[in-house]
Amino acid sequence: MSTAILTGQPVPGSSLEGDLRSLGFEVRIASDVGDVEALLTALPADRRVALVDARFVGHLHALRLGLTDPRFDAAALPGAVTARPAARQALARALAGARAATTGAADNGGATATVVLEDLPDLPGRLAAALEAEDTAVHRPELGSLVATVPTDPQARNEARQAVAAVDDEAIRLKSAVKSRDGFFTTHFISPYSRYLARWCARRGLTPNQVTTASLLTALIAAGCAATGTRAGFVAAGVLLIASFVLDCTDGQLARYSLQYSTLGAWLDATFDRAKEYAYYAGLALGAARYAGPGGHDDVWALALGAMVLQTCRHVVDFAFNEANVGESGAVNSSPTAGLSGKLDRVGWTVWLRRMIVLPIGERWAMIAVLTALTTPRVTFVVLLIGCALAALYTTSGRVLRSLTNKGPRSDRATRALADLADAGPLTEALTRAVRRVPGGAAPFLAVLGGALVVLAAALWGASWATAAAAAAYVLTSSAAVARPLTGALDWLVPPFFRAAEYGTILVLAARSEVNGALPAAFGLVAAVAYHHYDTVYRIRGNAGASPRQLVRAIGGHEGRTLLVAVLAAALTATAFQVALTVLAVAVALVVLAESIRFWVSAGAPAVHDEGEPA
């Protein structure tokens, strides 16, 4: 329960009290500043409180945006200010300061005067300004055509009410539920009707997390249909995959429509997207082995694993670049190349072309669904790999150009984020002092050199001690790459190079073993490790810090796992290697899932919702 304190007696005929109650507020009325202070002090410390001018006139959705958004500790709009528990003390100090200032002016011969609210015009506005003056961030939502005002005379009140009646705030609320920046397929083929599904869910009390879970279950059923290996199963899988994506859009729209943002919800939405897509890849691979039609009984596990590796590396490129180019205050890349890109994003057809060419989740899933229904799993994976490779080439080359022309310094936050994304383990920690004398700017070259060496060795010599030696060399080069802070222009490439090296080594060694079950085991291992890497990303994005160092040490770091897999391949028989990969996959999955679930369920991180580029 939240509490709203009306500063003054409600205006006859006003709907303000009812509006506040409909938003979940218990309404109290204060006649003077002393009453406001007393009510504020008496409220439980864990309760949100709002101070609202009793003369307020405005849309219900304006109040909702200003007073109920869980992402902000303090927020304000004309005539109202609110504070969550973390900002309650700051609000109390601001109120005491406002009263003291007016009391001092009204003091007569040492007698304390009662400060009536009429002596403090626009009290919520003054409190919001006082909060900002002591460095408490106050969110002020963009209201657009929504009305929020405090009229001071009957004529102004009548005009404000007419302005409220002239604007349909429900239509604005529904429109704003859709992500402002999204892909072509999502914008034109999903959002026009998924927003109404979001409203339907809100009116029936469903939460975004429940819709997210429904999307996951739908995708898992789609993967099961694909695994049947029948044409009917493939068609059903394609239809269900699109249905899962509709629900995936709906959960975010429901969160924006009802302002049900949460740390856990953001994590579920992000990680379930990856789980759905990669589970579907596995379902296709299983179905290919069972398919009795043309090109049937096909082994496409290597293609499925390759698609997962490529897609994960693409995401790491996105994450690392974005983290490297955002400063402590949120300033973004200001290079000439970034400026040109910004101009193209405002020019007609180039906007949609640029959003489609990167093959975001909407376009990608639509393509996968259609190809699954009409072709074979092999064709689906080949087209997917080609499309993702071209998209990766386009986005990565553009970001390299931006980085080379960006002269701005890298913030300490960005440097820490890149170090966390690198996922260096205990071997790197032990070798850091020995390899500290590395020239500045050499990090990405060392990372790609060591990664290429170990993947090429695995491709040429397979399970051999030569590959193990190359993996040991990779440990040295990767340790040298992160021996210095990652502040170079292209150092954001280090984490994706590390991901490509580790995942690529596992893929190639499993494929070279030619043992039934080795590639599915490798798929499971890469999926478990990729989950850990995604989890690290979303912790950083939620300002919750990276994964604990104990966890990174426990699962070996990227260099330790790469060396371990190479040594196991060299030391064991092909069959034993397949078993070892399975055991390693299960062990990593159990450790990272246990820590991740523990953290996100109990995390005190601020409520967030990802509004960035479509994944």
Side-chain angles (χ1 to χ4, degrees), residues 278 282 285 299 301-306 308-309 312-313 422-431 447 449-479 497-533 547 550-595:
Y278 299 158
D299 185 353
W301 275 105
L303 295 176
L305 180 50
M308 180 166 65
V309 170
T312 303
C313 290
D423 192 37
L427 294 179
T428 292
E429 291 178 350
L431 292 169
L449 175 64
L453 176 64
V454 66
V455 173
L456 184 60
L460 292 176
W461 300 307
S464 67
W465 290 108
T467 301
Y474 170 70
V475 172
L476 292 174
T477 57
S478 61
S479 299
F497 283 155
F498 285 168
R499 299 297 84 79
E502 179 183 359
Y503 301 162
T505 301
I506 296 171
L507 166 60
V508 174
L509 287 176
R512 286 292 305 271
S513 70
E514 298 182 353
V515 172
N516 188 31
L519 279 167
F523 188 97
L525 176 57
V526 171
V529 175
Y531 176 88
H532 161 63
H533 291 142
S547 300
Q550 302 95 301
L551 173 66
V552 177
R553 294 188 185 103
I555 59 176
H558 72 94
E559 79 287 3
R561 290 187 298 270
T562 304
L563 179 60
L564 176 61
V565 170
V567 169
L568 289 174
L572 301 176
T573 63
T575 302
F577 177 59
Q578 180 264 324
V579 175
L581 285 178
T582 304
V583 171
L584 188 58
V586 172
V588 172
L590 289 176
V591 171
V592 299
L593 280 173
E595 162 56 26

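Both backbone and side-chain heavy atoms feed into the values below; hydrogens, waters and symmetry mates do not.
- Of the possible polar contacts, one joining the Ser479 side chain to the Val475 backbone as a donor-acceptor pair under 3.5 Å is found.
- Thr467 places no side-chain N or O within 3.5 Å of a backbone atom of Ala566 that could act as its donor or acceptor partner.
- Using a 4.5 Å cut-off on side-chain heavy atoms (C-beta onward), Glu429 and Arg553 make contact.
- Listed by chain and number, the residues in a salt bridge (charged side-chain N to carboxylate O under 4.0 Å, His left out) with Glu559 amount to none (sequence neighbours excluded).
- By the ring-ring contact (aromatic ring centres under 6.0 Å, His included) test, Phe497 pairs with no residue at all, sequence neighbours left out.
- Going from atom CG of Leu525 over to atom CD of Glu502 covers 7.5 Å, rounded to the nearest 0.5 Å.
- Side-chain atoms of Arg499 come within 3.5 Å of backbone atoms of Ala422 as a donor-acceptor pair (strictly under, hydrogens ignored).
- Between the side chain of Asp423 and the backbone N or O of Gly425 there is no donor-acceptor pair closer than 3.5 Å.
- At least one side-chain heavy atom of Tyr503 sits under 4.5 Å from a side-chain heavy atom of Val529.
- Inter-residue side-chain proximity for Trp465 and Val567 is flagged as met; some heavy-atom pair is nearer than 4.5 Å.
- Between the CG atom of Leu584 and the CD1 atom of Ile506 there is a distance of 7.5 Å, given to the nearest 0.5 Å.
- Between Tyr474 and Phe498, the ring-plane angle classifies as perpendicular under the 30° and 60° cut-offs.
- Shortest non-hydrogen contact noted between Ala528 and Val592 is O-CG2, 4.0 Å.
- Shortest non-hydrogen contact noted between Leu519 and Trp301 is CB-CB, 3.7 Å.
- Under the 4.5 Å side-chain criterion, counting only non-hydrogen atoms from C-beta, His558 is in contact with Ser478.
- For the residue pair Ala470 and Ala457, the shortest heavy atom distance occurs at CB-CB, 3.6 Å.
- Closest heavy-atom contact between Ala580 and Leu572: CB-CD1, 3.8 Å.
- When side chains are defined from C-beta on, Tyr278 counts as touching Thr312, because their heavy atoms get closer than 4.5 Å.
- Arg512 places no side-chain N or O within donor-acceptor distance of the main-chain N or O of Ala463, the cut-off being under 3.5 Å.
- For the residue pair Leu581 and Ala518, the shortest heavy atom distance occurs at CD1-O, 3.9 Å.
- Considering every non-hydrogen atom in both Trp461 and Ala466, the closest pair reads CE3-CB, 3.8 Å.
- With Val454 as the fixed residue, the side chain to side chain contact (heavy atoms under 4.5 Å, CB included) test singles out one of Leu509, Val565, Thr477, Thr505: Thr505.
- With a 4.5 Å cut-off on side-chain heavy atoms, Ile555 and His532 count as touching.
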